[in-house]
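Below you'll find the structure, written out as structure tokens, and then a few comments.
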Amino acid sequence: MDSHAYGVIMAGGIGSRFWPMSTEDHPKQFIDILGTGQSLLQQTFERLSNICPADQIYIVTNEQYREITKKQLPGINDSQVLCEPMRRNTAPCIAYANFKIMDLDSKANVLVCPSDHLITKESVFNEVISQSLKQAATKDVLLTIGIKPSRPDTGYGYINYEKTNAAFSKVISFTEKPDLETAKKFVASGDYSWNSGMFIWNVNSIDKAFRELLPEMHLQFEKGKGKYNTEAEQAFINQVYPSCENISIDYGIMEKAGNRQVINADFGWSDLGTWGSLYEHIPQDQGGNALIGKKVMSLDARGNIVHVPNEKLVVMIGLDDCIVVEHGNALLICKKEEEQKIKKITEGL
């Protein structure tokens, strides 16, 4: 195993589109949404521990999730949980993690990934990441993983890249969540991949990108040199975070950098962003109903997603293409085509 390989898991989101199971107090990364016996965070940590030493995997999360993170990952030490005092999107969280890792290992090569993705072909994933870490170790590049689009989805970002026979292709442009007509054109052209939200780079390459493209943010975190990996780290982070720009790594760095590359891969990826994205990953009955719950019965019902407690008896008659989720004292019933409105409801709540 490569001693210079590090992992950063971004685990600070709320997952509002997975309400009512996902709430601000207990968001989706800490939930066993797939009914496997492991939360999404636990699955992600286990996946990365096949690539880099377990004590070199860092979880960036919100301060309010410190204890649940430690509870779900009992083998980690306190220094592996990086706590943000407030949400400032992905660029500040990556800058924080990079300065911390760079303080420990100036030759570190880092995989950054969200905590809530599903990977079904883990051996392929391991090979792609291993290949990418070697590229990052020898080239001054910012790598992202592209996924071949299976449909014109408006919920994903798209990567336009130069077609070559090489494993790594130069990125031409990033487009964040296009409208449906644009997405259809992208998919039809064959020149675009979905942006998986996973990145690989050497600590020095991404440090240079922050210095050039987000100089104010870089300067803020640079003031913490000498405090990272000490008892003074958290107090410094609590002080500096409010002044950081609220911006994603995509907008702040990846859309502007000149040394971007993409490696396209098929390892059974899903970002599990909505209930609908779960559909193909849950066992289905003869009517194509995706079911988690041991007492679900259906008659003339098709294409539904059901996630209910095992002790709950649910009967569906003549119901098509709906989402039915019960958790605690809350029940959600909505058409699959309307699921983007779930976030609006949670904002109201």
Side-chain angles (χ1 to χ4, degrees), residues 9-36 38-44 60-62 64-65 68 84 87-90 93 113-120 147 149-158 176-180 183 194-198 246 248-251 268-282 289-293 303-309 319-349:
I9 301 173
M10 299 181 290
I14 298 174
S16 56
R17 291 181 178 86
F18 268 100
W19 185 87
M21 286 198 71
S22 180
T23 64
E24 184 171 356
D25 290 336
H26 196 80
K28 69 173 179 176
Q29 59 267 31
F30 303 110
I31 298 172
D32 178 15
I33 286 180
L34 293 165
T36 63
Q38 284 187 313
S39 72
L40 296 175
L41 173 62
Q42 289 170 322
Q43 290 184 39
T44 304
V60 188
T61 189
N62 193 274
Q64 72 185 106
Y65 307 137
I68 188 172
E84 304 171 289
R87 294 179 178 87
R88 279 292 186 266
N89 218 313
T90 54
C93 99
C113 63
S115 59
D116 52 3
H117 287 187
L118 174 67
I119 307 293
T120 60
I147 307 295
S150 59
R151 60 188 182 278
D153 199 304
T154 61
Y156 297 144
Y158 286 74
E176 185 65 16
K177 296 180 181 179
D179 58 43
L180 183 58
W194 282 337
N195 181 5
S196 70
M198 290 183 275
N246 188 339
S248 70
I249 194 72
D250 300 85
Y251 282 123
W269 173 88
S270 173
D271 77 335
L272 298 184
T274 63
W275 285 112
S277 66
L278 276 180
Y279 181 77
E280 62 188 72
H281 305 295
I282 298 176
N289 301 296
L291 309 175
I292 292 182
N304 299 291
I305 301 168
V306 182
H307 198 305
V308 295
L319 192 68
D320 295 341
D321 299 317
C322 286
I323 299 167
V324 181
V325 182
E326 180 179 339
H327 184 71
N329 62 353
L331 174 65
L332 167 70
I333 304 172
C334 81
K335 283 285 188 182
K336 285 198 292 189
E337 64 189 29
E338 301 288 348
E339 69 173 350
Q340 294 295 338
K341 295 180 180 178
I342 295 174
K343 186 175 182 179
K344 294 182 180 180
I345 292 292
T346 61
E347 290 170 352
L349 293 172

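All heavy atoms count here, side chains included; hydrogens, waters and symmetry mates do not.
Closest of all the heavy-atom pairs between Asn246 and Asn89 is OD1-CB, 3.2 Å. Between Pro20 and Leu332, the shortest heavy-atom contact is CD-CB, 3.7 Å. Between Pro114 and Gly197, the shortest heavy-atom distance links the atoms CD-O, 3.5 Å. Closest non-hydrogen pair, Gly13 versus Gln29, comes out as O-NE2, 3.0 Å. Here the closest non-hydrogen pair linking Glu176 and Tyr251 is CG-OH, 3.4 Å. Nearest heavy-atom pair, Cys113 versus Thr44, reported as atom, atom and distance to 0.1 Å: SG-CG2, 4.0 Å.
Between Val324 and the options Leu319, Ile305, Asn304, a side chain to side chain contact (heavy atoms under 4.5 Å, CB included) holds for only Leu319.
The NZ atom of Lys335 sits 13.0 Å away from atom NZ of Lys341, with the distance rounded to the nearest 0.5 Å. Distance check: Trp19 CH2 to Glu24 CD gives 15.0 Å after rounding to the nearest 0.5 Å. The SG atom of Cys93 lies 11.5 Å from the CG atom of Asn62; values are rounded to the nearest 0.5 Å. Separating the CG atom in Asp32 from the CD1 atom in Ile292 is a distance of 7.5 Å, to the nearest 0.5 Å. Residue Ile9 holds its CD1 atom at 11.0 Å from CG of Asp116, rounded to the nearest 0.5 Å. Rounding to the nearest 0.5 Å gives a distance of 10.5 Å between CG of Leu34 and OG of Ser39.
Note: Trp194 and Trp269 have tilted aromatic rings, judged against thresholds of 30 and 60 degrees for the angle between ring planes.
Counting heavy atoms of neighbouring residues, nucleotides and ligands inside a 6.0 Å radius, atom CD1 of Ile345 does not exceed 12 of them.
Under the 4.5 Å side-chain criterion, counting only non-hydrogen atoms from C-beta, His281 is in contact with Leu272. Proximity of Ile31 to His327: side-chain heavy atoms (C-beta onward) are nowhere separated by under 4.5 Å. Residues Val325 and Met21 are in side-chain contact: their nearest non-hydrogen atoms beyond the backbone lie under 4.5 Å apart.
In this structure, Lys336 contributes its side chain and Tyr279 its backbone to no donor-acceptor pair below 3.5 Å. Using modelled atom types, one side-chain atom of Thr90 and one backbone atom of Ile249 make a donor-acceptor pair closer than 3.5 Å. Judged by distance alone, the side chain of Glu339 and the main-chain N or O of Gly276 form a donor-acceptor pair under 3.5 Å. Looking only at distances, a side-chain donor or acceptor of Ser22 sits under 3.5 Å from a matching main-chain atom of Ile14. Put simply, the side chain of Ser115 gets close to the backbone of Met10: a donor and an acceptor are under 3.5 Å apart. Using modelled atom types, no side-chain atom of Thr154 and backbone atom of Leu180 make a donor-acceptor pair closer than 3.5 Å.
When the ring pair (Phe, Tyr, Trp, His ring centres under 6.0 Å) test is applied to Tyr65, the partners found at least two apart in sequence or on another chain are Phe30.
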